[in-house]
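Accompanying notes for the structure given below.
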Amino acid sequence: MNTYSPLPITFIKGEGVWLWDDKGNKYLDALAGIAVCSIGHCHPKLVKTISEQAGTLIHTSNLYHIDKQEKLAKKLASLSGLNKSFFCNSGAEANETAIKLARLYGHNKGIDLPTIIVMENSFHGRTMATLTASGSRKVQAGFEPLLTGFSRVPFNDLEAINQVSIHNKNIVAVLVEPYQGEGGVNVPQADYLKGLRKLCDKNNWLLMLDEVQCGIGRNGKLFSFQSSEIIPDVITLAKGLGSGIPIGACVAGNTAGKVFKPGNHASTFGGNPLACAAAITTLDIIEEEDLISNALKQGNFIRKSFQDRLNGISHVAQIRGQGLMIGIELTEPCGTLVKDALKHGLLLNVTSDKVVRLLPPLIITKNEAKKIVDIVSTLIEKF
Ligand SMILES: *Cc1c(COP(=O)(O)O)cnc(C)c1O
């Protein structure tokens, strides 16, 4: 259907941070399939895992035990401290799971019409519940009636949540991206997550973090919450988890992990052997190649370099981000930069009209990082 307006370009091959189109042109991929291909394109170890798993067993269903799924759940538990996982196939589904979980948690406490606090400028997906949760008219317009049971506040504003809670006794959870992606690469204030944790503890709400984009090493920690000394009740994962094999996960700690009972939620494909094998190997590669510290190092280098290069250009409003989630906000809509960058052999993205967004693979080297800075700075100078 006519849901996208794709650029006139077809990629036929990928290796590491590079892509080739059908005309033989080579591109540096600073978007990584929208934060998906974090270990680079066609990592040999991942290709081997997928090939072997495809030749052994692809799918059975959740009516039986799945060894790879149990292994992945244990791995996520040991890495995150959250010991229960539900597997699905996308970020939207992972958030849909979290929303259902929060509602059931409320009902179990005797709250018949549970409310979930969500943020302005957030993005949680395109299903009815997740587009309702998203703070973007663009994704909602035309799809009314939206769902009830959400209350919206500004990002980075703890007092706004306090105010809402005075008038609404049905709140059961807060759903928030620790770093907003689609909303313009917005960074949490110091102690924002700590403050959210405190509010949730005080009121017995679930703190649910949408780490679909910022998680799996991109922010310089495996999970974003790990830079803030808090433990959330729920995190949702997808994009970088399976390196392009569709997988999503809703991962929960002790309280939230006990809410669902058999029959409450399900997925035919969710957590099948192929997807779980890809995710296990992705996590292994991130650890073996020390990609998290590389994300932090290269991200710091890129932002610092932009700060130097773009210093004094009045059309540059702000350079921000964490790790390899980088945003350069301009003072004017700059969607045309996507095509300009393509001409220079670079893939990037513009989000929220004015924010140049870079989400390069975590395997990026310093030379490749320099190349990105050079091309993007030149384009912005011209712009
Ligand atoms: C991309 C994204 C989603 C939606 O994921 P899909 O796999 O496209 O459904 C949800 N939340 C965040 C933060 C995202 O970046």
Side-chain angles (χ1 to χ4, degrees), residues 1 3-4 6 31-38 86-102 116-136 138-140 143 147 150 152 155-156 173-188 192-193 196 207-219 221 223-225 232 234-251 267 269-271 275 278-279 282 321-327 348-352 355 357-360 362:
M1 292 187 192
T3 53
Y4 282 88
L31 186 57
I34 319 180
V36 169
C37 309
S38 295
F86 176 86
F87 294 102
C88 49
N89 314 287
S90 67
E93 279 179 77
N95 287 326
E96 191 80 26
T97 305
I99 291 164
K100 282 182 68 176
L101 189 156
I116 299 171
I117 294 200
V118 290
M119 305 301 152
E120 288 173 7
N121 297 315
S122 61
F123 180 76
H124 299 295
R126 299 289 196 143
T127 62
M128 282 310 306
T130 57
L131 77 82
T132 301
S134 296
S136 157
K138 228 163 74 180
V139 308
Q140 295 174 343
F143 301 108
L147 272 62
F150 293 94
R152 194 172 309 286
F155 183 60
N156 268 331
V174 175
L175 173 63
V176 58
E177 299 157 86
Y179 290 77
Q180 291 188 329
E182 305 300 307
V185 192
N186 301 317
V187 174
Y192 180 56
L193 290 185
L196 287 176
L207 178 56
M208 310 200 297
L209 304 183
D210 180 346
E211 297 222 14
V212 168
Q213 184 164 153
C214 62
I216 315 293
R218 182 154 291 279
N219 278 164
K221 296 277 179 188
F223 306 105
S224 291
F225 75 81
V234 173
I235 58 173
T236 55
L237 304 170
K239 291 193 165 92
L241 181 57
S243 298
I245 301 296
I247 184 167
C250 178
V251 186
S267 170
F269 295 137
T282 298
Q322 172 73 20
L324 288 173
M325 196 170 167
I326 297 161
L348 53 72
N349 172 256
V350 169
T351 190
S352 289
V355 183
R357 179 172 51 159
L358 300 168
L359 301 164
L362 311 191

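Both backbone and side-chain heavy atoms feed into the values below; hydrogens, waters and symmetry mates do not. Every number for a ligand or one of its atoms is a count from 1 in the order of the listing.
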- Give the atoms of ligand 1, by number and element, whose distance to some non-hydrogen atom of Asp210 is under 4.0 Å. 10 (C), 11 (N), 12 (C), 13 (C)

- Message: Are any of the N/O atoms on Glu182, whether in the backbone or the side chain, positioned under 3.5 angstrom from an N/O atom of ligand 1?
- Response: no

- For ligand 1, which part of Asn95 has a heavy atom less than 4.0 Å away: the side chain, the backbone, both, or neither? side chain

- Note on the structure: Here the atoms of ligand 1 under 4.0 Å from any heavy atom belonging to Ser90 are 7 (O), 9 (O)

- Option set Gln180, Glu177, Lys239, Glu211, criterion heavy-atom distance to atom 14 (C) of ligand 1, minimum: Lys239

- Logged contact type for Glu93 with ligand 1, heavy-atom cut-off 4.0 Å, is neither

- Donor-acceptor side-chain pairing of Ser243 and Thr282 below 3.5 angstrom: yes

- Task: Determine whether the side chain, the backbone, both or neither of Ala92 has a heavy atom under 4.0 Å from any heavy atom of ligand 1.
- Result: both

- Message: Can you confirm if the aromatic rings of Phe87 and Phe269 lie within a centre distance of less than 6.0 Å?
- Response: no

- Query: Who are the side-chain hydrogen bond (donor to acceptor under 3.5 Å, both in side chains) partners of Glu182, not counting sequence neighbours?
  - Reply: Gln213, Arg357

- Task: Report the C-alpha separation of Ile216 and Leu237 in whole Å, then their side-chain angles, then the decisive distance to 0.1 Å, and conclude whether the side-chain contact (heavy atoms from CB on, under 4.5 Å) test is met.
- Result: CA-CA 8 Å; Ile216 315 293; Leu237 304 170; 4.1 Å; yes

- Taking N or O atoms only and a 3.5 Å limit, does Gly91 qualify as a polar contact for ligand 1? yes

- Message: Counting only heavy atoms closer than 4.0 Å, does ligand 1 sit against the backbone of His124, its side chain, both, or neither?
- Response: backbone

- Polar atom proximity, Gly125 to ligand 1 (N or O, under 3.5 Å): no

- Message: Could you work out, with side-chain contact (heavy atoms from CB on, under 4.5 Å) as the rule, every residue matching Glu96, not counting sequence neighbours?
- Response: Thr127, Ala129, Thr130

- Item | Pair Asp210-Val176, side-chain contact (heavy atoms from CB on, under 4.5 Å): steps then yes or no | CA-CA 6 Å; Asp210 180 346; Val176 58; over 6 Å; no

- Between Arg218 and Ser38, does a side-chain contact (heavy atoms from CB on, under 4.5 Å) hold up when you go through it step by step? CA-CA 8 Å; Arg218 182 154 291 279; Ser38 295; 3.5 Å; yes

- Is the closest protein non-hydrogen atom to atom 8 (O) of ligand 1 under 4.0 Å? no

- Flag Gln213 as yes when one of its N or O atoms lies below 3.5 Å from any N or O atom of ligand 1, and as no otherwise. yes

- Item | Separation of Leu131 CG from Asn95 CG (nearest 0.5 Å) | 12.0 Å

